[in-house]
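Structure first, commentary second.
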Amino acid sequence: MITHTTDVAIIGAGPSGLLLSQLLHLDGISSILVERTSRARVLSRIRAGVLERGTLDGLAEAGVDARLQAERIDHDGVTLAFDGDVLEIPVHGLTGHHVVVYGQTEVTRDLIEAAEARGQTILWDCPDAQLSDLRTAPRVQLSAPDGTKHEIKAQLLAGCDGFHGICRQAIPAAQARVFEREYPFGWLGLLVDRPPVAHNVVYANHREGFALASMRSATRSRYYVQSDPGDRVEDWPEARFWEAFQTRMGDMGKRVEIGPALEMSIAPLRSFVSEPMSYGRMFLAGDAAHIVPPTGAKGLNLAVADVRRLARAISRWKGGCEEGLAAYSDAALARVWKVERFSWYLTKLMHQFPTHSAFEKRMQRAEFDYIASSPAAQTMIAENYVGLDF
Ligand code: APR
Ligand code: PHB
């Protein structure tokens, strides 16, 4: 048995765990990360690519934003389209802030490279972590790929292990409250080396279904179409994807440059929150505690907000003050619920629901027309899109 002693054991080396370990390191606080899968697998994940202002601040605080600053694409607007009518919301004009396009995969790569540069211990390929003593002095027991047994003795444990992790499950059911909404559709995403069809991110509600046009650079686009819950990627030959995408994007669809898919994947949509976000000396951050539908690109941004808050609370703990840790769950949840609301609102507005009556379809159209006519409504969307105060 190899025994490790550290201030904070972090379960999960996705964006949340990696950013937390980086911020703690800068404050002289030690951590060890335990990751179920491989470094390559973590870096193979294609996720969203829109960063809000708090995420830019968090990555700058962490000192990992050099490439981001060199490669960022600033957007000063976001476009909503509804059955061919197009509304560009001037988010920068309304809030004074931009959003930045920079792929989550690149954020994760920057964080992994920073961790390796500082000699951070990341135990990759360890799928069998067992947690104990969460209310006193957390222990993590695991087997390394070579079969060696490890034990981590920590003061605190950060659950950054995502929706399918073990940390949230370690909270006794009687002490947890779960709130969940599954949506009757998924998103089929496609990555292509062609210039993006629009200079902004475009969310389109069309009678045939939702579509989204985004990008990773001036030459690489990320497109999505709403798919049925049971759909698999095999059900969507590329020709079918392009036909649906071009139709749903209306006039913009006529300008789409089609090319071979570099990647196609389907993701289900759900809203999910588990309260509280702490149990004894364990603190949850990111997808381990909550999930938002990707409409509004809040997943990574919400995770970063949790991590920044948790890192500050742990720094105060290291200085002898427990107040930040005691307040963490309630403070994090206050912001989580506001972001859950915005993601749910935009999902409800921009998708075709199979259960919607003619009345509810009219309500969607009326909401879009109201937004188009109301600077106040556009400001609501803009301030949520660029990111709420931290
Ligand atoms: N032991 C160790 N690691 C685990 C375990 C486990 N039992 N279970 C899951 N993990 C790892 C996963 O392999 C993954 O690498 O935890 C990590 C969790 O990372 P994410 O799921 O990316 O969650 P998070 O870091 O909170 O980032 C949230 O990533 O998934 C997107 O949409 C999400 O944009 C959001 C962001
Ligand atoms: C993306 O660029 O992948 C993206 C953009 C906006 C979203 C979701 C995903 O709401």
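These numbers come from the heavy atoms of this one structure, side chains and all, not from hydrogens, waters or symmetry mates. We count ligands from 1, going down the list as the structure has it; atoms in each ligand are counted the same way.
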Just need the protein heavy atom nearest to atom 25 (O) of ligand 1, so name the residue and atom and give the distance.
Ser16 N, 3.0 Å

Output the list of atoms in ligand 1 that are nearer than 4.0 Å to some heavy atom of Leu300, sorted by atom number.
34 (O), 35 (C)

When you compare the side chains of Asp76 and His97, does any donor N or O come within less than 3.5 Å of an acceptor on the partner?
no

State whether Arg309 and Asp306 are salt-bridged, where the test is any N-O pair (Lys NZ or Arg NE/NH1/NH2 against Asp/Glu carboxylate O) under 4.0 Å.
no

In plain terms, say whether Glu322 and Arg281 are close enough for a salt bridge, that is, a side-chain N and a carboxylate O under 4.0 Å apart.
yes

Taking every non-hydrogen atom, the tightest pair across Val78 and Tyr203:
CG2-CE1, 3.7 Å

Could you find the nearest protein heavy atom to atom 7 (N) of ligand 1 and give me its residue, atom name and distance?
Ile166 CG2, 3.6 Å

With a 4.0 Å cut-off, would you call Arg53 and Asp389 a salt bridge?
yes

Atoms of ligand 2 close to Trp187 [distance to a heavy atom under 4.0 angstrom, numbered from 1]
8 (C)

Identity and distance of the protein heavy atom lying nearest atom 8 (C) of ligand 2
Pro294 O, 3.4 Å

Does Arg362, at its CZ atom, have more than 12 non-hydrogen atoms belonging to other residues, nucleotides or ligands within less than 6.0 Å?
no

Nearest protein heavy atom with distance in Å, relative to atom 30 (O) of ligand 1
Arg47 NH1, 2.7 Å

Classify the side-chain pair Arg118/Ser21 by whether it contains a donor and acceptor separated by less than 3.5 Å.
yes

Below 3.5 Å, N or O to N or O, backbone or side chain included: is there any such pair between Arg216 and ligand 2?
yes

Heavy-atom distances under 4.0 Å are what count here, so tell me which part of Gln104 touches ligand 1: side chain, backbone, both or neither.
side chain

Per-atom contacts of ligand 1 with Gly14, taking only distances under 4.0 Å to non-hydrogen atoms
15 (O), 17 (C), 19 (O), 25 (O)

Under 4.0 Å from a heavy atom of Gly299: give me the atoms of ligand 1 that qualify, with their elements.
34 (O), 35 (C)

If you measure from each heavy atom of Cys160 to ligand 1, is any distance below 4.0 Å?
yes

Would you mind checking which non-hydrogen protein atom is closest to atom 3 (O) of ligand 2, with the distance to 0.1 Å?
Tyr224 OH, 2.6 Å

Considering only NZ, NE, NH1 and NH2 on the basic side and carboxylate oxygens on the acidic side, decide whether Asp74 and Arg72 come within less than 4.0 Å.
yes

Between Gln352 and Phe210, is there a side-chain heavy-atom distance shorter than 4.5 Å?
no

Top protein contact for atom 27 (O) of ligand 1, by heavy-atom distance
Pro15 CD, 3.6 Å

According to the interplanar angle, ranging from 0 to 90°, do the rings of Trp242 and Tyr223 count as parallel (below 30°), tilted (30 to 60°) or perpendicular (above 60°)?
perpendicular

Note: ligand 1 atoms sitting under 4.0 Å from heavy atoms of Ile11 are 1 (N), 2 (C)

Nearest heavy atom to atom 28 (C) of ligand 1 wins, so pick from Val292, Asp287, Val304.
Asp287

Shortest heavy-atom approach to atom 11 (C) of ligand 1 - which of Arg36, His164, Glu35:
Glu35

In terms of side-chain heavy atoms, does Glu360 have a donor or acceptor partner in Ser357 at a distance below 3.5 Å?
yes

Scan side-chain atoms only and decide if Tyr345 and Thr295 contain a donor-acceptor pair under the 3.5 Å cut-off.
no

With no hydrogens and no angle check, do the side chains of Gln141 and Glu151 hold a donor and an acceptor under 3.5 Å apart?
yes

Using the six-membered ring wherever Trp is involved, compare the ring planes of His351 and Phe185 and label them parallel, tilted or perpendicular (cut-offs 30° and 60°).
parallel

Using a strict cut-off of 4.0 Å, indicate which atoms of ligand 1 neighbour a heavy atom of Gly165.
8 (N)

Part of Leu212 with heavy atoms under 4.0 Å of ligand 2, whether side chain, backbone, both or neither
side chain

For Arg222, take its heavy atoms, then give the atoms of ligand 2 lying under 4.0 Å from any of them.
3 (O)

Is ligand 2 under 4.0 Å from a heavy atom in the side chain of Tyr385, in the backbone, in both, or in neither?
neither

Testing the 3.5 Å rule here: is there a donor-acceptor pair between the side chains of Ser30 and Thr6?
yes

If we only count N/O pairs under 3.5 Å, is Gly296 in contact with ligand 2?
yes

What protein heavy atom is closest to atom 2 (O) of ligand 2, reported as residue, atom name and distance in Å?
Ser214 OG, 2.6 Å

Numbering the atoms of ligand 1 from 1, which are under 4.0 Å from a heavy atom of Gly286?
26 (O)

Touching ligand 1 at all, Arg45? Heavy atoms, strictly under 4.0 Å?
yes

Protein heavy-atom partner closest to atom 21 (O) of ligand 1 - residue, atom, separation in Å:
Gly162 CA, 3.8 Å

At a 4.0 Å cut-off, with the gap strictly under it, does some heavy atom of Lys298 reach an atom of ligand 2?
no

Filtering Leu43, Val107, Asp161 for the heavy atom nearest atom 16 (O) of ligand 1 leaves Asp161

Can you find an N or O of Tyr203 that's nearer than 3.5 Å to an N or O of ligand 2?
yes

Begin with the C-alpha distance, continue with both residues' side-chain angles, and end with the deciding distance and a verdict on ring pair (Phe, Tyr, Trp, His ring centres under 6.0 Å) for Phe163 and Phe272.
CA-CA 9 Å; Phe163 184 66; Phe272 176 92; 5.0 Å; yes

Quick one: does ligand 2 sit under 4.0 Å from the side chain of Ala48, the backbone, both or neither, non-hydrogen atoms only?
both

Over 60° means perpendicular and under 30° means parallel, so tell me whether Phe283 and Tyr328 are parallel, tilted or perpendicular.
perpendicular

